[in-house]
Amino acid sequence: METRSAKRKKYWLEGENGIDRISDLPDVVLHQILFHLPIKSIAQTSVLSKRWRSLWISFPDLDFTSINPIGVASTNAPNTKPSIKNKRLLLCPHSFSVKRLDFISQVLALRDKQSDLRILRFRAPLSFSRLNGLIRLAVRQNVQELDVEVATDDYFNFPRSVLTSESLRVFKLRSRYPGFRLLPPSVMKRGFQSLHTLSLSLVILYDQPTLSDLFTDSSFPRLKKLNLDACFGLKQLKVSCLALEEFTLENCFQLHGLDVSGAKLKTLQVASCFDAYCDKSWVKINAPSLRVMVWEYNAITENSSLENLVSAHEASIGFFVLNEDFSVTKIRSVSNLLSALSRLHTLTLEGQCVEQVLSSRNYIANLMHPFDQLKSLELQTGFNKHNLPGLAYLFKCSPALHTLILKILNDYKIERRKWNKDLWDIPSSEEQFWESQSQALKPLLNNLSVVKIHGFLECENEVSLAKFLLKHGKALQEMTFFSGHCNYRDSLRRQKIRSQMMGFSRASSNAKIEFL
(Lines give C-alpha, C1' and ligand atoms only; values in the text may rest on other atoms or scores of the structure.)
Protein backbone atom coordinates (compact mmCIF):
# COMPACT_ATOMS: atom_id res chain seq x y z
CA MET A 1 0.00 0.00 0.00
CA GLU A 2 1.39 3.39 -1.00
CA THR A 3 2.05 5.65 1.96
CA ARG A 4 0.74 9.20 2.20
CA SER A 5 4.32 10.54 2.08
CA ALA A 6 5.04 8.60 -1.11
CA LYS A 7 1.85 9.90 -2.68
CA ARG A 8 2.83 13.48 -1.90
CA LYS A 9 6.30 12.94 -3.38
CA LYS A 10 4.86 11.39 -6.53
CA TYR A 11 2.29 14.16 -6.97
CA TRP A 12 4.94 16.85 -6.41
CA LEU A 13 7.13 15.38 -9.15
CA GLU A 14 4.61 14.04 -11.65
CA GLY A 15 1.45 16.10 -11.11
CA GLU A 16 -2.01 14.84 -12.00
CA ASN A 17 -1.00 13.33 -15.35
CA GLY A 18 1.93 11.32 -14.01
CA ILE A 19 4.47 13.23 -16.11
CA ASP A 20 7.52 14.76 -14.40
CA ARG A 21 7.88 18.04 -16.25
CA ILE A 22 9.67 19.95 -13.49
CA SER A 23 12.75 17.74 -13.43
CA ASP A 24 13.23 18.25 -17.17
CA LEU A 25 13.80 21.98 -16.70
CA PRO A 26 17.41 23.21 -17.06
CA ASP A 27 19.58 23.34 -13.93
CA VAL A 28 19.81 27.11 -14.02
CA VAL A 29 15.99 27.41 -13.97
CA LEU A 30 15.56 24.93 -11.12
CA HIS A 31 18.33 26.60 -9.14
CA GLN A 32 16.52 29.90 -9.51
CA ILE A 33 13.31 28.31 -8.22
CA LEU A 34 15.09 26.70 -5.27
CA PHE A 35 16.76 30.01 -4.44
CA HIS A 36 13.46 31.24 -2.98
CA LEU A 37 13.18 28.32 -0.53
CA PRO A 38 14.78 27.94 2.94
CA ILE A 39 17.98 25.92 2.93
CA LYS A 40 16.34 23.02 4.81
CA SER A 41 13.64 22.70 2.18
CA ILE A 42 16.22 22.73 -0.60
CA ALA A 43 18.21 19.96 1.11
CA GLN A 44 15.08 17.88 1.54
CA THR A 45 14.41 17.90 -2.22
CA SER A 46 17.56 15.79 -2.67
CA VAL A 47 15.70 12.65 -1.50
CA LEU A 48 13.23 12.87 -4.40
CA SER A 49 15.54 11.41 -7.05
CA LYS A 50 19.10 11.33 -8.35
CA ARG A 51 18.22 14.29 -10.53
CA TRP A 52 17.27 16.38 -7.49
CA ARG A 53 20.26 15.21 -5.51
CA SER A 54 22.44 16.44 -8.35
CA LEU A 55 20.68 19.79 -8.20
CA TRP A 56 21.29 20.00 -4.45
CA ILE A 57 25.02 19.25 -4.53
CA SER A 58 25.50 21.77 -7.35
CA PHE A 59 23.25 24.47 -5.86
CA PRO A 60 25.30 27.71 -6.04
CA ASP A 61 23.52 29.93 -3.48
CA LEU A 62 23.85 28.64 0.09
CA ASP A 63 22.13 30.77 2.74
CA PHE A 64 22.30 29.16 6.19
CA THR A 65 21.15 32.22 8.13
CA SER A 66 17.73 30.67 8.79
CA ILE A 67 19.04 27.53 10.52
CA ASN A 68 22.20 28.61 12.34
CA PRO A 69 21.47 31.90 14.12
CA ILE A 70 23.96 33.59 16.43
CA GLY A 71 21.93 32.65 19.49
CA VAL A 72 22.40 28.90 18.85
CA ALA A 73 25.68 27.37 19.94
CA SER A 74 27.55 25.23 17.45
CA THR A 75 30.01 22.42 17.94
CA ASN A 76 33.74 23.03 17.99
CA ALA A 77 34.55 19.60 16.67
CA PRO A 78 37.27 19.61 14.01
CA ASN A 79 36.23 19.48 10.36
CA THR A 80 36.04 15.92 9.09
CA LYS A 81 35.06 14.24 5.87
CA PRO A 82 31.36 13.30 6.09
CA SER A 83 30.62 9.63 6.74
CA ILE A 84 27.94 7.56 4.96
CA LYS A 85 25.68 8.10 7.97
CA ASN A 86 26.25 11.84 7.90
CA LYS A 87 25.50 11.89 4.16
CA ARG A 88 22.09 10.44 4.93
CA LEU A 89 21.59 12.99 7.68
CA LEU A 90 22.54 15.70 5.22
CA LEU A 91 19.45 14.92 3.19
CA CYS A 92 17.28 15.81 6.17
CA PRO A 93 19.12 18.47 8.20
CA HIS A 94 16.53 18.79 11.00
CA SER A 95 17.33 15.20 12.08
CA PHE A 96 20.82 16.06 13.21
CA SER A 97 20.32 19.63 14.52
CA VAL A 98 20.00 18.28 18.05
CA LYS A 99 23.46 16.72 17.83
CA ARG A 100 24.97 20.04 16.71
CA LEU A 101 26.66 18.49 13.66
CA ASP A 102 28.34 20.95 11.39
CA PHE A 103 25.74 21.16 8.66
CA ILE A 104 27.53 24.00 6.83
CA SER A 105 30.87 22.24 6.44
CA GLN A 106 29.09 18.99 5.53
CA VAL A 107 27.25 20.72 2.68
CA LEU A 108 30.40 22.39 1.42
CA ALA A 109 32.37 19.15 1.54
CA LEU A 110 29.70 17.22 -0.39
CA ARG A 111 29.22 19.81 -3.14
CA ASP A 112 30.04 18.94 -6.73
CA LYS A 113 33.66 20.02 -7.17
CA GLN A 114 32.90 21.09 -10.74
CA SER A 115 30.23 23.56 -9.61
CA ASP A 116 31.36 26.97 -8.43
CA LEU A 117 29.82 28.49 -5.30
CA ARG A 118 28.10 31.81 -5.97
CA ILE A 119 26.86 32.80 -2.49
CA LEU A 120 27.63 31.59 1.04
CA ARG A 121 25.91 33.19 4.01
CA PHE A 122 25.94 32.00 7.60
CA ARG A 123 25.66 33.23 11.18
CA ALA A 124 27.09 31.15 13.98
CA PRO A 125 29.02 31.15 17.25
CA LEU A 126 32.20 29.26 16.48
CA SER A 127 35.95 29.17 16.97
CA PHE A 128 38.43 30.95 14.74
CA SER A 129 39.81 27.65 13.44
CA ARG A 130 36.35 26.53 12.31
CA LEU A 131 35.67 29.93 10.76
CA ASN A 132 38.93 29.69 8.83
CA GLY A 133 38.06 26.16 7.74
CA LEU A 134 34.67 27.19 6.37
CA ILE A 135 36.09 30.16 4.51
CA ARG A 136 38.89 28.05 3.01
CA LEU A 137 36.32 25.53 1.76
CA ALA A 138 34.30 28.34 0.19
CA VAL A 139 37.36 29.93 -1.44
CA ARG A 140 38.37 26.59 -2.96
CA GLN A 141 34.94 26.47 -4.59
CA ASN A 142 35.42 29.94 -6.09
CA VAL A 143 32.84 31.65 -3.93
CA GLN A 144 31.76 35.03 -5.30
CA GLU A 145 29.80 36.42 -2.32
CA LEU A 146 30.74 35.59 1.27
CA ASP A 147 28.52 36.98 4.05
CA VAL A 148 29.57 35.95 7.57
CA GLU A 149 28.37 36.95 11.03
CA VAL A 150 30.10 35.26 13.96
CA ALA A 151 30.54 35.33 17.71
CA THR A 152 33.78 33.90 19.08
CA ASP A 153 35.30 33.27 22.49
CA ASP A 154 38.28 35.51 21.80
CA TYR A 155 39.58 38.06 19.30
CA PHE A 156 40.48 36.59 15.95
CA ASN A 157 42.51 37.74 12.95
CA PHE A 158 41.14 38.65 9.56
CA PRO A 159 41.02 35.36 7.55
CA ARG A 160 44.02 35.21 5.21
CA SER A 161 42.37 32.89 2.69
CA VAL A 162 40.08 35.73 1.60
CA LEU A 163 43.08 37.70 0.34
CA THR A 164 44.08 35.02 -2.16
CA SER A 165 40.63 34.56 -3.72
CA GLU A 166 40.41 35.68 -7.33
CA SER A 167 36.68 34.92 -7.58
CA LEU A 168 35.44 36.83 -4.51
CA ARG A 169 33.39 39.91 -5.40
CA VAL A 170 31.49 40.57 -2.16
CA PHE A 171 32.86 40.04 1.37
CA LYS A 172 30.93 40.91 4.53
CA LEU A 173 32.37 40.05 7.94
CA ARG A 174 30.50 40.99 11.11
CA SER A 175 31.66 40.04 14.58
CA ARG A 176 29.06 40.09 17.33
CA TYR A 177 31.67 39.69 20.07
CA PRO A 178 34.49 40.35 20.87
CA GLY A 179 35.76 41.56 17.45
CA PHE A 180 38.57 40.85 15.03
CA ARG A 181 41.92 42.38 14.09
CA LEU A 182 43.16 43.27 10.64
CA LEU A 183 46.35 41.75 9.32
CA PRO A 184 49.42 44.02 8.91
CA PRO A 185 48.95 46.61 6.13
CA SER A 186 51.70 45.02 4.06
CA VAL A 187 49.69 41.78 4.01
CA MET A 188 46.24 43.33 3.60
CA LYS A 189 47.31 45.31 0.54
CA ARG A 190 48.25 42.18 -1.42
CA GLY A 191 44.70 40.97 -2.02
CA PHE A 192 41.23 42.27 -2.93
CA GLN A 193 42.07 42.88 -6.59
CA SER A 194 38.65 41.61 -7.69
CA LEU A 195 36.54 42.75 -4.74
CA HIS A 196 33.75 45.27 -5.44
CA THR A 197 31.92 45.19 -2.06
CA LEU A 198 33.52 45.10 1.41
CA SER A 199 31.71 45.34 4.76
CA LEU A 200 33.52 45.00 8.10
CA SER A 201 31.93 45.33 11.54
CA LEU A 202 33.51 45.35 15.02
CA VAL A 203 37.14 45.76 14.02
CA ILE A 204 39.79 46.12 16.74
CA LEU A 205 42.39 48.66 15.57
CA TYR A 206 44.22 49.74 18.71
CA ASP A 207 47.47 48.46 17.15
CA GLN A 208 46.65 50.13 13.81
CA PRO A 209 44.98 53.45 14.73
CA THR A 210 45.83 55.01 11.35
CA LEU A 211 44.56 53.53 8.09
CA SER A 212 45.93 55.97 5.55
CA ASP A 213 47.28 53.64 2.87
CA LEU A 214 44.95 50.62 2.90
CA PHE A 215 41.83 51.82 1.08
CA THR A 216 43.64 53.05 -2.00
CA ASP A 217 43.16 52.41 -5.69
CA SER A 218 46.14 50.08 -5.84
CA SER A 219 44.78 47.87 -3.05
CA PHE A 220 41.11 47.98 -4.11
CA PRO A 221 41.06 48.81 -7.83
CA ARG A 222 37.45 47.60 -8.33
CA LEU A 223 35.88 48.45 -4.97
CA LYS A 224 32.46 50.12 -5.42
CA LYS A 225 30.89 49.71 -1.97
CA LEU A 226 32.67 50.05 1.39
CA ASN A 227 31.02 49.74 4.80
CA LEU A 228 33.00 50.11 8.04
CA ASP A 229 31.18 49.80 11.37
CA ALA A 230 32.42 49.94 14.97
CA CYS A 231 36.14 50.29 14.30
CA PHE A 232 37.48 50.56 17.84
CA GLY A 233 40.79 52.38 18.19
CA LEU A 234 40.61 53.96 14.74
CA LYS A 235 41.99 57.51 14.91
CA GLN A 236 42.59 58.45 11.28
CA LEU A 237 41.11 57.05 8.09
CA LYS A 238 41.80 57.82 4.46
CA VAL A 239 39.70 56.40 1.62
CA SER A 240 40.74 57.15 -1.95
CA CYS A 241 39.50 54.31 -4.15
CA LEU A 242 38.79 55.66 -7.62
CA ALA A 243 35.99 53.16 -8.39
CA LEU A 244 34.19 53.70 -5.06
CA GLU A 245 30.52 54.70 -5.40
CA GLU A 246 29.12 54.13 -1.89
CA PHE A 247 30.89 54.60 1.44
CA THR A 248 29.38 54.11 4.91
CA LEU A 249 31.22 54.74 8.18
CA GLU A 250 29.40 54.20 11.48
CA ASN A 251 30.09 54.04 15.22
CA CYS A 252 33.76 55.08 15.14
CA PHE A 253 33.69 57.15 18.31
CA GLN A 254 37.47 57.61 18.63
CA LEU A 255 38.00 59.01 15.15
CA HIS A 256 40.07 62.22 14.90
CA GLY A 257 40.49 62.64 11.15
CA LEU A 258 38.66 61.50 8.02
CA ASP A 259 39.81 62.01 4.43
CA VAL A 260 37.48 60.79 1.66
CA SER A 261 38.04 61.39 -2.04
CA GLY A 262 36.68 59.68 -5.12
CA ALA A 263 35.69 60.83 -8.58
CA LYS A 264 32.81 58.31 -8.73
CA LEU A 265 31.57 58.51 -5.13
CA LYS A 266 27.79 59.04 -5.21
CA THR A 267 26.60 58.18 -1.70
CA LEU A 268 28.37 59.01 1.57
CA GLN A 269 27.01 58.10 5.00
CA VAL A 270 28.88 58.93 8.22
CA ALA A 271 27.03 58.40 11.51
CA SER A 272 28.00 58.40 15.20
CA CYS A 273 31.66 59.13 14.54
CA PHE A 274 34.48 61.39 15.84
CA ASP A 275 35.86 61.95 19.32
CA ALA A 276 33.88 64.75 20.99
CA TYR A 277 36.82 65.43 23.35
CA CYS A 278 39.42 65.84 20.62
CA ASP A 279 40.34 69.48 19.98
CA LYS A 280 42.11 68.78 16.67
CA SER A 281 39.52 66.70 14.82
CA TRP A 282 39.04 67.28 11.12
CA VAL A 283 37.21 66.04 8.03
CA LYS A 284 38.14 66.43 4.37
CA ILE A 285 35.86 65.37 1.51
CA ASN A 286 36.40 65.75 -2.23
CA ALA A 287 33.67 64.11 -4.27
CA PRO A 288 32.51 65.83 -7.48
CA SER A 289 29.92 63.10 -8.25
CA LEU A 290 28.39 62.94 -4.77
CA ARG A 291 24.57 62.94 -4.91
CA VAL A 292 23.47 61.85 -1.42
CA MET A 293 25.17 62.67 1.88
CA VAL A 294 24.11 61.49 5.36
CA TRP A 295 25.99 63.10 8.24
CA GLU A 296 24.18 62.28 11.48
CA TYR A 297 25.00 62.21 15.21
CA ASN A 298 28.65 63.02 14.59
CA ALA A 299 30.64 65.17 16.98
CA ILE A 300 31.43 68.56 15.48
CA THR A 301 34.97 68.56 14.14
CA GLU A 302 37.30 71.50 14.65
CA ASN A 303 37.83 71.78 10.92
CA SER A 304 35.66 70.85 7.93
CA SER A 305 36.92 71.01 4.36
CA LEU A 306 34.41 69.85 1.76
CA GLU A 307 35.37 70.48 -1.85
CA ASN A 308 33.82 69.94 -5.28
CA LEU A 309 30.41 68.78 -4.06
CA VAL A 310 28.93 70.23 -7.24
CA SER A 311 26.50 67.33 -7.81
CA ALA A 312 25.10 67.10 -4.28
CA HIS A 313 21.31 66.78 -4.45
CA GLU A 314 20.10 65.40 -1.11
CA ALA A 315 21.54 65.48 2.43
CA SER A 316 20.62 64.66 6.02
CA ILE A 317 22.71 66.56 8.56
CA GLY A 318 22.87 66.30 12.35
CA PHE A 319 25.47 66.62 15.08
CA PHE A 320 26.20 65.37 18.56
CA VAL A 321 27.08 68.29 20.82
CA LEU A 322 28.92 67.85 24.11
CA ASN A 323 27.87 70.34 26.81
CA GLU A 324 26.57 72.76 24.16
CA ASP A 325 30.12 73.54 23.09
CA PHE A 326 29.63 76.15 20.36
CA SER A 327 33.09 77.63 20.07
CA VAL A 328 33.93 79.91 17.16
CA THR A 329 35.96 77.17 15.45
CA LYS A 330 33.14 74.62 15.69
CA ILE A 331 30.57 77.13 14.48
CA ARG A 332 32.79 77.87 11.50
CA SER A 333 33.21 74.13 10.91
CA VAL A 334 29.42 73.59 10.80
CA SER A 335 29.01 76.59 8.51
CA ASN A 336 31.73 75.31 6.16
CA LEU A 337 30.03 71.92 5.94
CA LEU A 338 26.62 73.43 5.18
CA SER A 339 28.07 75.96 2.73
CA ALA A 340 29.67 73.15 0.73
CA LEU A 341 26.18 71.71 0.29
CA SER A 342 24.61 74.93 -0.96
CA ARG A 343 23.48 73.30 -4.25
CA LEU A 344 21.16 70.84 -2.49
CA HIS A 345 17.56 70.33 -3.56
CA THR A 346 16.51 68.37 -0.44
CA LEU A 347 17.85 68.91 3.09
CA THR A 348 16.99 67.24 6.40
CA LEU A 349 18.39 68.70 9.64
CA GLU A 350 18.36 66.20 12.51
CA GLY A 351 18.13 67.50 16.07
CA GLN A 352 18.45 71.12 17.12
CA CYS A 353 22.19 71.54 16.75
CA VAL A 354 22.15 73.57 13.52
CA GLU A 355 19.57 76.06 14.73
CA GLN A 356 21.47 76.30 18.04
CA VAL A 357 24.69 77.04 16.15
CA LEU A 358 23.00 79.69 14.02
CA SER A 359 21.45 81.27 17.14
CA SER A 360 24.71 81.25 19.12
CA ARG A 361 26.19 84.57 20.15
CA ASN A 362 29.47 83.41 18.59
CA TYR A 363 27.89 83.02 15.16
CA ILE A 364 29.21 85.40 12.51
CA ALA A 365 26.52 86.83 10.25
CA ASN A 366 26.44 85.64 6.61
CA LEU A 367 29.04 82.95 7.34
CA MET A 368 26.91 80.29 5.62
CA HIS A 369 26.17 80.31 1.90
CA PRO A 370 22.47 80.41 0.92
CA PHE A 371 20.71 77.31 -0.41
CA ASP A 372 19.56 78.95 -3.63
CA GLN A 373 18.33 75.68 -5.19
CA LEU A 374 16.77 74.11 -2.08
CA LYS A 375 13.19 72.92 -2.70
CA SER A 376 12.47 70.80 0.38
CA LEU A 377 13.60 71.39 3.98
CA GLU A 378 12.82 69.01 6.84
CA LEU A 379 13.75 70.34 10.25
CA GLN A 380 13.60 68.84 13.73
CA THR A 381 13.02 71.59 16.27
CA GLY A 382 12.00 72.09 19.87
CA PHE A 383 10.70 75.59 19.07
CA ASN A 384 12.99 76.91 21.76
CA LYS A 385 12.47 80.66 21.99
CA HIS A 386 16.23 81.27 22.06
CA ASN A 387 16.68 79.42 18.75
CA LEU A 388 14.19 81.48 16.75
CA PRO A 389 16.99 83.61 15.21
CA GLY A 390 18.58 80.41 13.92
CA LEU A 391 15.29 79.25 12.39
CA ALA A 392 14.79 82.63 10.75
CA TYR A 393 18.33 82.56 9.34
CA LEU A 394 17.73 79.09 7.85
CA PHE A 395 14.55 80.34 6.21
CA LYS A 396 16.38 83.39 4.91
CA CYS A 397 19.03 81.11 3.37
CA SER A 398 16.32 79.10 1.56
CA PRO A 399 14.71 81.65 -0.77
CA ALA A 400 13.41 79.11 -3.33
CA LEU A 401 11.93 76.68 -0.80
CA HIS A 402 8.75 74.90 -1.91
CA THR A 403 8.10 72.44 0.96
CA LEU A 404 8.79 72.99 4.67
CA ILE A 405 8.43 70.07 7.11
CA LEU A 406 8.77 70.83 10.82
CA LYS A 407 9.03 67.95 13.29
CA ILE A 408 8.67 69.17 16.86
CA LEU A 409 10.79 67.14 19.26
CA ASN A 410 8.81 65.38 22.00
CA ASP A 411 11.32 66.20 24.74
CA TYR A 412 10.43 69.85 24.55
CA LYS A 413 6.64 69.70 24.44
CA ILE A 414 6.13 69.89 28.19
CA GLU A 415 8.12 73.14 28.28
CA ARG A 416 6.16 74.86 25.53
CA ARG A 417 3.54 77.33 26.70
CA LYS A 418 -0.03 76.66 25.62
CA TRP A 419 -1.61 79.25 23.39
CA ASN A 420 -4.09 81.49 25.19
CA LYS A 421 -7.18 81.79 23.02
CA ASP A 422 -8.05 85.11 24.66
CA LEU A 423 -4.80 86.59 23.34
CA TRP A 424 -5.40 85.65 19.71
CA ASP A 425 -5.62 89.29 18.66
CA ILE A 426 -2.80 90.43 20.95
CA PRO A 427 0.63 89.83 19.34
CA SER A 428 2.98 87.77 21.46
CA SER A 429 6.73 88.37 21.57
CA GLU A 430 7.18 85.44 19.15
CA GLU A 431 4.72 86.96 16.70
CA GLN A 432 6.49 90.29 16.95
CA PHE A 433 9.78 88.56 16.18
CA TRP A 434 8.42 86.87 13.06
CA GLU A 435 6.79 90.10 11.88
CA SER A 436 10.16 91.80 12.17
CA GLN A 437 11.54 89.18 9.73
CA SER A 438 8.84 89.61 7.08
CA GLN A 439 10.96 91.73 4.74
CA ALA A 440 14.08 89.52 5.04
CA LEU A 441 11.96 86.41 4.40
CA LYS A 442 10.05 87.85 1.45
CA PRO A 443 11.75 85.61 -1.18
CA LEU A 444 10.84 82.51 0.86
CA LEU A 445 7.26 83.69 1.40
CA ASN A 446 6.85 84.25 -2.34
CA ASN A 447 7.77 80.61 -3.13
CA LEU A 448 6.73 78.48 -0.14
CA SER A 449 3.82 76.27 -1.19
CA VAL A 450 3.52 73.39 1.32
CA VAL A 451 3.98 73.43 5.10
CA LYS A 452 3.69 70.34 7.33
CA ILE A 453 4.03 70.58 11.10
CA HIS A 454 4.34 67.30 13.02
CA GLY A 455 3.75 67.21 16.79
CA PHE A 456 1.59 70.33 16.71
CA LEU A 457 0.07 71.06 20.13
CA GLU A 458 -1.15 74.63 19.56
CA CYS A 459 1.63 76.08 21.70
CA GLU A 460 2.73 79.69 21.49
CA ASN A 461 5.83 79.39 19.35
CA GLU A 462 4.35 77.07 16.73
CA VAL A 463 1.05 78.97 16.48
CA SER A 464 2.98 82.22 16.02
CA LEU A 465 4.96 80.79 13.11
CA ALA A 466 1.86 79.24 11.56
CA LYS A 467 0.01 82.58 11.71
CA PHE A 468 2.99 84.37 10.19
CA LEU A 469 3.21 81.96 7.26
CA LEU A 470 -0.55 82.11 6.66
CA LYS A 471 -0.52 85.88 6.75
CA HIS A 472 2.48 86.51 4.50
CA GLY A 473 2.73 83.33 2.38
CA LYS A 474 1.88 84.56 -1.10
CA ALA A 475 2.26 81.13 -2.74
CA LEU A 476 1.05 79.02 0.19
CA GLN A 477 -1.36 76.33 -0.97
CA GLU A 478 -1.37 73.75 1.81
CA MET A 479 -0.71 73.73 5.56
CA THR A 480 -1.09 70.44 7.44
CA PHE A 481 -0.92 70.03 11.22
CA PHE A 482 -0.18 66.59 12.66
CA SER A 483 -1.08 66.38 16.36
CA GLY A 484 -1.25 63.57 18.85
CA HIS A 485 -4.05 62.32 21.05
CA CYS A 486 -5.44 64.57 23.77
CA ASN A 487 -7.94 64.42 26.62
CA TYR A 488 -11.47 65.82 26.43
CA ARG A 489 -10.58 69.20 27.92
CA ASP A 490 -7.67 69.75 25.56
CA SER A 491 -9.84 68.55 22.68
CA LEU A 492 -12.37 71.35 23.22
CA ARG A 493 -9.59 73.90 23.47
CA ARG A 494 -7.98 72.50 20.33
CA GLN A 495 -11.24 72.79 18.38
CA LYS A 496 -11.52 76.47 19.29
CA ILE A 497 -7.97 77.21 18.16
CA ARG A 498 -8.48 75.27 14.96
CA SER A 499 -11.59 77.30 14.19
CA GLN A 500 -9.66 80.50 14.79
CA MET A 501 -6.83 79.23 12.58
CA MET A 502 -9.26 78.38 9.77
CA GLY A 503 -10.85 81.81 10.06
CA PHE A 504 -7.45 83.47 9.97
CA SER A 505 -6.58 81.49 6.84
CA ARG A 506 -9.73 82.56 5.02
CA ALA A 507 -8.99 86.17 5.87
CA SER A 508 -5.28 86.18 4.98
CA SER A 509 -4.55 83.30 2.60
CA ASN A 510 -6.10 80.88 0.15
CA ALA A 511 -4.18 77.97 1.65
CA LYS A 512 -5.94 74.72 2.42
CA ILE A 513 -5.63 73.89 6.13
CA GLU A 514 -5.90 70.33 7.41
CA PHE A 515 -5.58 68.86 10.92
CA LEU A 516 -4.62 65.18 11.23
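What you see is a predicted model, and the numbers here were worked out from it, not measured in a lab. Note that the numbering runs from 1 along the sequence shown for the chain.
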Discussion item. Run the side chain to side chain contact (heavy atoms under 4.5 Å, CB included) test on Lys375 and Thr403 for me, step by step, so that the C-alpha distance in whole Å, both residues' side-chain angles and the decisive distance to 0.1 Å come before the verdict.
Written reply: CA-CA 6 Å; Lys375 300 301 181 183; Thr403 301; over 6 Å; no
Worksheet item: Are any non-hydrogen side-chain atoms of Leu202 and Arg176 less than 4.5 angstrom apart?
Response: no
Worksheet item: Below 4.5 Å, heavy atoms only, C-beta onward: do Phe481 and Ile513 meet side chain to side chain?
Response: yes
Discussion item. Tell me if a side-chain donor or acceptor on Asn286 pairs with a main-chain N or O of Asn308 at a distance below 3.5 Å.
Written reply: no
Worksheet item: Quick one: ring pair (Phe, Tyr, Trp, His ring centres under 6.0 Å) partners of Phe371, sequence neighbours excluded?
Response: none
Worksheet item: Which residues pass the side-chain contact (heavy atoms from CB on, under 4.5 Å) test with Ser342, sequence neighbours left out?
Response: His369
Worksheet item: With a 4.5 Å limit on heavy-atom distance, are the side chains of Val283 and Val270 in contact?
Response: no
Worksheet, complete the sentence: Of all heavy-atom pairs linking Leu344 and His313, the shortest is CD2-C, 3.6 Å
Practice prompt. Kindly assign one of parallel, tilted or perpendicular to the pair Phe515 and Phe456, based on the angle between their ring planes and the thresholds 30° and 60°.
Written response: tilted
Fill in: Nearest atoms (heavy-atom pairs only) where Leu198 meets Leu223
N-CD1, 3.8 Å
Discussion item. Between Thr197 and Glu145, is there a side-chain heavy-atom distance shorter than 4.5 Å?
Written reply: no
Worksheet item: Going by heavy atoms in the side chains, are Leu265 and Val260 under 4.5 Å from each other?
Response: yes
Discussion item. Is it true that Ser201 and Asp229 share a donor-acceptor pair across their side chains at a distance under 3.5 Å?
Written reply: yes
Kindly list each side-chain donor-acceptor pair under 3.5 angstrom involving residues 230-238, sequence neighbours excluded, with atom names and distances?
none

Worksheet item: Just by modelled atom types, is the Leu214 backbone N or O under 3.5 Å from a matching donor or acceptor in the Ser219 side chain?
Response: yes
Discussion item. Strictly below 4.0 Å, N to O, side chains only: are Asp61 and Arg121 in salt-bridge contact?
Written reply: no
Practice prompt. Check for a donor-acceptor pair, side chain of Gln193 on one end and backbone N or O of Gly191 on the other, with a separation under 3.5 Å.
Written response: yes
Worksheet item: Between Glu296 and Ser316, is any pair of side-chain heavy atoms under 4.5 Å apart?
Response: yes
Item to complete: Assess the pair Phe395 and Phe468: is the distance between their ring centroids shorter than 6.0 Å?
Response: no
Discussion item. Just so I know, are the side chains of Leu391 and Trp434 near enough to count as touching, which here means a heavy-atom distance under 4.5 Å?
Written reply: yes
Discussion item. Can a side-chain donor-acceptor contact be found between Glu302 and Thr329 if the only test is distance below 3.5 angstrom?
Written reply: yes
Worksheet item: Which atom names give the shortest non-hydrogen contact between Asp372 and Ala400, and what distance separates them?
Response: O-CB, 3.4 Å
Discussion item. I need the full list of ring-ring contact (aromatic ring centres under 6.0 Å, His included) pairs touching residues 243-262, with sequence neighbours left out, sorted by first then second residue.
Written reply: none
Worksheet item: When the aromatic ring centroids of Phe320 and Tyr297 are compared, is their separation below 6.0 Å?
Response: no
Worksheet, complete the sentence: Here the pair of heavy atoms bringing Lys225 nearest to Leu244 is N-CD1, 3.9 Å
Fill in: Donor-acceptor side-chain pairing of Thr210 and Ser212 below 3.5 angstrom
no
Response to the item:
Those residues at least two apart in sequence (or on a different chain) that pass ring pair (Phe, Tyr, Trp, His ring centres under 6.0 Å) with Phe274 are Trp295
Discussion item. Would you say that Lys442 contacts Lys474 through its side chain, given a criterion of any heavy-atom pair below 4.5 Å between the two side chains?
Written reply: no
Fill in: Ser376: partners by side-chain hydrogen bond (donor to acceptor under 3.5 Å, both in side chains), with sequence neighbours left out
none
Fill in: Leu117 to Pro60 - nearest heavy-atom pair and separation
CD1-O, 3.4 Å
Discussion item. So for atom CZ, which belongs to Arg169, do other residues, nucleotides or ligands contribute more than 12 heavy atoms lying within a distance under 6.0 Å?
Written reply: yes
Worksheet item: Is the closest side-chain donor-acceptor distance between Ser304 and Ser333 under 3.5 Å?
Response: yes
Worksheet item: Can you tell me if Arg111 uses its side chain to pair, donor with acceptor, with the backbone of Val107 under 3.5 Å?
Response: no
Fill in: Closest non-hydrogen atom pair, Ser398 against Leu444
O-CD1, 3.4 Å
